[in-house]
Novice: 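Below are the structure tokens for one structure; questions will follow.
Numbering of residues begins at 1 and proceeds along the displayed sequence.
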Amino acid sequence: ANVNALAVQTNAAGGPVVPGDSMLSILPAFHGFGLAVGLHAMLTQGGSCVLVPKFKASTLAPLVRKHKPAFMAGVPTLYDALAADPEFRTTPLGCFKGLFSGGDSLPPEIKYRFEEVLRANGGRTVLREGYGMTESVTANMLMPAGEYRERSMGVPYPDMLAKVVRPGTFEECPPMEEGEICVSGPSLMLGYLGDPEATAAVLKTHPDGRLWLHSGDVGCMDKDGFFYFRQRAKRVIKTSGIAVYPSQVEDVLNKHPAVRLSCVIGVPHPSQVEVAK
């Protein structure tokens with residue numbers, strides 16, 4: 001029921017799928033993203049899937065030329081690799097109706113690089129970022145067609161509710177105040193198998209009577225209802241008591257022309273407890 005609900009939601013938010021459409025199914029089918037979005041959402045709507053058992057940038061261009069897929073879903077590094085592949089950079093891309101990125105934050109630089117290749121080869125769409133968790137099968141949010149707000153994951157899927165609460169509470173944050181992202185809807189898991197304590201820590205009934213999934217992700221929502229991912233709560237670097245978000249440091253580094261992609265981590269420090277590296 002969870003996977004079927006997500007298929008309907010995905011097609012409502014990212015479709016429509018019509019007879020003859022196909023999905024370039026690159027993501028592993030043992031992941032929620034690959035199974036639910038890459039396969040199930042297409043097949044339940046009468047579409048077909050072009051299976052790619054193992055991703056390699058150089059193998060995708062011939063598949064696109066041959067099958068002319070309408071949709072593709074992948075992670076940011078996949079789109080970065082495609083934008084750099086010589087053959088893909090000369091492949092007609094006008095067949096695509098929907099291109100989706102998830103599984104990790106989409107750096108704006110990767111989006112811009114990929115869309116430059118897309119436009120140069122007849123592409124008529126854009127790369128849209130989404131957000132989700134395995135605990136709710138996969139995607140819960142998606143940037144609407146025709147919209148773009150830098151670093152935003154978009155708005156909740158149909159039938160999904162989302163909010164940002166102050167850590168350790170059920171108190172909803174005002175617009176742009178950072179807190180923990182929570183979601184509620186038909187794709188929520190029953191729980192972690194054989195681990196009721198871990199389940200109780202993330203699935204909680206709020207005062208509104210609804211069951212909410214606490215993501216463990218730090219984020220915020222703007223006044224228009226668009227959500228922004230900041231960081232996994234566990235990945236925040238505490239330097240001299242100050243919270244440093246690695247993704248924000250990465251954003252600055254990635255703007256430098258000599259940097260293709262960066263990763264910032266926390267390392268121990270004798271006086272500041274932890275510093276960014």
Novice: Under a 3.5 Å threshold, yes or no: a donor from one side chain and an acceptor from the other, between Asn2 and Ser187?
Specialist: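 Side-chain D/A pair, Asn2 to Ser187: absent.
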Novice: Please check if atom CZ in Arg65 has more than 12 non-hydrogen atoms from other residues, nucleotides or ligands closer than 6.0 Å.
Specialist: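 Count over threshold, so yes.
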Novice: So if you build clusters from Ile, Leu, Val, Met, Phe, Trp, Tyr with side-chain heavy-atom gaps below 4.5 Å, do Met23 and Leu39 land together?
Specialist: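 No, because Met23 and Leu39 fall into different hydrophobic clusters, even though each may have its own neighbours under 4.5 Å.
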Novice: Do Leu99 and Phe33 belong to the same hydrophobic cluster, where Ile, Leu, Val, Met, Phe, Trp and Tyr are linked whenever their side-chain heavy atoms lie under 4.5 Å apart, directly or via other members?
Specialist: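 In one cluster with Leu99: Phe33, yes.
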Novice: Answer yes or no: is there a donor N or O on one side and an acceptor on the other, between the side chain of Ser184 and the main chain of Leu211, under 3.5 Å?
Specialist: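 Yes, because the side chain of Ser184 sits within donor-acceptor range (under 3.5 Å) of the backbone of Leu211.
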Novice: Taking all heavy atoms of Phe229 and all of Ser105, pick out the closest pair and write down the distance.
Specialist: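 It is CD2-OG, 3.0 Å.
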Novice: Is there side-chain contact between Phe55 and Leu78, with heavy atoms separated by less than 4.5 Å?
Specialist: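 Answer yes - side chains close enough.
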Novice: For Asp80 and Arg260: C-alpha separation, side-chain torsions, deciding distance, then whether salt bridge (Lys or Arg N to Asp or Glu O under 4.0 Å) applies.
Specialist: CA-CA 10 Å; Asp80 195 33; Arg260 181 176 184 86; 3.3 Å; yes
Novice: Between Asp21 and Phe71 (side chain of the first, backbone of the second, donor and acceptor by atom type, cut-off under 3.5 Å), is there such a pair?
Specialist: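 Not confirmed, Asp21 side chain does not pair with Phe71 backbone.
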Novice: Do Phe114 and Leu82 have side chains that approach each other closer than 4.5 Å (heavy atoms only, starting at C-beta)?
Specialist: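 Yes, close enough: below the 4.5 Å cut-off.
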Novice: Which atom names give the shortest non-hydrogen contact between Pro76 and Gly102, and what distance separates them?
Specialist: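 Smallest interatomic distance, heavy atoms only, reads CD-O, 3.5 Å.
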Novice: Find the distance between CZ (Arg89) and CD (Glu116) and round it off to the nearest 0.5 Å.
Specialist: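 That separation rounds to 6.5 Å.
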Novice: So, do Leu253 and Val264 sit near enough that their side-chain heavy atoms are less than 4.5 Å apart?
Specialist: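 SC-SC contact between Leu253 and Val264 confirmed.
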Novice: Main chain of Gly132, side chain of Ser136: is a donor-acceptor contact present, judged purely on distance under 3.5 Å?
Specialist: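 Pair absent, no side-chain N/O of Ser136 close to backbone of Gly132.
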Novice: Verify the distance criterion only: is there a donor paired with an acceptor across the side chains of Glu178 and Tyr228 at less than 3.5 Å?
Specialist: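 No, Tyr228 and Glu178 have no side-chain donor paired with an acceptor closer than 3.5 Å.
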Novice: Quick one: does Pro69's side chain get under 4.5 Å of Phe96's, heavy atoms only?
Specialist: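 Yes. Closest side-chain heavy atoms under 4.5 Å.
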Novice: Would you compute the distance between atom OG1 of Thr138 and atom NE2 of His31 and round it to the nearest 0.5 angstrom?
Specialist: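 Those atoms lie 10.5 Å apart.
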Novice: Do you know which two heavy atoms are closest between Met133 and Val183, and how far apart they sit?
Specialist: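 In this case the closest contact between Met133 and Val183 is CE-CG2, 3.7 Å.
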Novice: Begin with the C-alpha distance, continue with both residues' side-chain angles, and end with the deciding distance and a verdict on side-chain contact (heavy atoms from CB on, under 4.5 Å) for Val64 and Leu24.
Specialist: CA-CA 8 Å; Val64 173; Leu24 198 56; 4.0 Å; yes
Novice: State the CE-OG distance between Met72 and Ser25, to the nearest 0.5 angstrom.
Specialist: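 If we round to the nearest 0.5 Å, Met72:CE and Ser25:OG are 11.0 Å apart.
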Novice: What's the separation between atom NE2 in His67 and atom OG in Ser22, rounded to the nearest 0.5 Å?
Specialist: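 Rounded to the nearest 0.5 Å, the NE2-OG separation comes to 8.0 Å.
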Novice: Using 4.0 Å as the upper bound for N to carboxylate O, is an ion pair formed by Lys111 and Glu115?
Specialist: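 Salt bridge between Glu115 and Lys111, a charged N being under 4.0 Å from a carboxylate O: yes.
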Novice: Please determine if Arg149 forms a cation-pi arrangement with Phe226, meaning its NZ or CZ atom is less than 6.0 Å from the six-membered ring centre and no more than 45° off the ring axis.
Specialist: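 Yes, cation above the ring, under 6.0 Å and within 45°.
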Novice: What I'd like to find out is whether the side chain of Tyr148 reaches to under 4.5 Å of the side chain of Arg128, using heavy atoms alone.
Specialist: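 Side chain of Tyr148 against side chain of Arg128, heavy atoms only: no contact under 4.5 Å found.
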Novice: Are more than 12 heavy atoms from other residues, nucleotides or ligands located less than 6.0 Å from atom NZ of Lys238?
Specialist: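 No, NZ of Lys238 has 12 or fewer neighbouring heavy atoms, counting only those of other groups under 6.0 Å.
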Novice: Evaluate the side-chain proximity of Lys66 to Val50: yes if any heavy-atom separation is below 4.5 Å, no if none is.
Specialist: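 The answer is no, as the side chains (C-beta and beyond) never meet within the 4.5 Å cut-off.
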Novice: Tell me whether Met160 is reachable from Val8 by hopping between hydrophobic residues (I, L, V, M, F, W, Y) whose side-chain heavy atoms are closer than 4.5 Å.
Specialist: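 Val8 and Met160: separate clusters.
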Novice: Charged N to carboxylate O under 4.0 angstrom, Glu177 versus Arg166?
Specialist: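 So Glu177 pairs with Arg166 through a salt bridge.
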Novice: What heavy-atom pair brings Pro186 and Gln9 nearest, and what distance separates the two atoms?
Specialist: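 Here Pro186 and Gln9 meet closest at CG-NE2, 3.7 Å.
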Novice: Check the surroundings of atom CD in Glu147: do more than 12 heavy atoms from other residues, nucleotides or ligands lie under 6.0 Å from it?
Specialist: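 Enclosed: over 12 neighbouring heavy atoms sit under 6.0 Å from CD of Glu147.
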Novice: Do Asn4 and His40 come within less than 4.5 Å of each other through their side chains, counting heavy atoms only?
Specialist: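 Yes - at least one pair of side-chain heavy atoms lies under 4.5 Å apart.
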Novice: Given the rule in the side-chain contact (heavy atoms from CB on, under 4.5 Å) test, do Val236 and Val244 qualify, once you have shown the distances and angles that lead to the verdict?
Specialist: CA-CA 6 Å; Val236 174; Val244 175; over 6 Å; no
Novice: Closer than 3.5 angstrom, by distance alone: can the side chain of Asn11 be matched with the main-chain N or O of Ala41 as a donor-acceptor pair?
Specialist: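 Side chain of Asn11 to backbone of Ala41, a donor-acceptor pair under 3.5 Å: yes, one is there.
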Novice: Nearest 0.5 angstrom please: Leu203 CG to Leu190 CG, how far?
Specialist: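 CG of Leu190 is found 9.0 Å from CG of Leu203.
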Novice: Between Asn140 and Tyr131, does any side-chain donor sit less than 3.5 Å from a side-chain acceptor?
Specialist: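 Short answer, no.
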Novice: Hydrophobic cluster membership, with links at side-chain heavy-atom distances under 4.5 Å among I/L/V/M/F/W/Y: are Leu161 and Leu6 in one?
Specialist: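 No; tracing contacts between hydrophobic side chains, which count when under 4.5 Å, never links both residues.
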Novice: I'd like to know if Val202 and Leu188 are part of one continuous hydrophobic network [Ile/Leu/Val/Met/Phe/Trp/Tyr, side-chain heavy atoms within less than 4.5 Å].
Specialist: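 Leu188 and Val202: one cluster.
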Novice: Considering all heavy atoms of both residues, which atom of Phe170 and which atom of Pro207 are nearest to each other, and what is their separation?
Specialist: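 The pair with the smallest heavy-atom distance is CD1-CD, 3.4 Å.
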Novice: Would you say the side chains of Tyr79 and Ser101 form a donor-acceptor pair under 3.5 Å?
Specialist: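 Short answer, no.
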Novice: Is it true that the side chains of His214 and Glu180 contain a donor and an acceptor less than 3.5 Å apart?
Specialist: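 Glu180 and His214 do have a side-chain donor-acceptor pair below 3.5 Å.
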Novice: Walk me through it: do Met141 and Ile181 pass the test side-chain contact (heavy atoms from CB on, under 4.5 Å)?
Specialist: CA-CA 12 Å; Met141 304 181 193; Ile181 298 170; 4.1 Å; yes
Novice: To the nearest 0.5 Å, what is the distance between OG1 on Thr239 and CD on Glu274?
Specialist: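 Output value for this atom pair is 6.5 Å.
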Novice: For residues Gln231 and Ser247, is any side-chain donor paired with an opposing acceptor at under 3.5 Å?
Specialist: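 Yes.
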Novice: Under 3.5 Å, is there a donor-acceptor pair linking the side chains of Tyr192 and Glu135?
Specialist: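 A donor-acceptor contact under 3.5 Å links the two side chains.
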Novice: Would you say that more than 12 heavy atoms from the other residues, nucleotides or ligands in this model lie under 6.0 Å from the CD of Glu197, or not?
Specialist: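 It does not: Glu197 CD has 12 such atoms or fewer within range.
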Novice: Where do Val18 and Lys97 land on the side-chain contact (heavy atoms from CB on, under 4.5 Å) test, with the steps shown first?
Specialist: CA-CA 11 Å; Val18 299; Lys97 297 196 303 184; 3.8 Å; yes
Novice: Can you find a pair of side-chain heavy atoms, one from Ser58 and one from Asp85, that are under 4.5 Å apart?
Specialist: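 A side-chain contact under 4.5 Å exists here.
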Novice: Taking Glu172 for the side chain and Val165 for the main chain, is one N or O donor matched with an acceptor at less than 3.5 Å?
Specialist: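 It does not hold such a pair.
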Novice: Can you name the nearest heavy-atom pair linking Leu27 to Gly74, along with the distance?
Specialist: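 Distance-wise, the nearest heavy atoms are CD2-CA, 4.0 Å.
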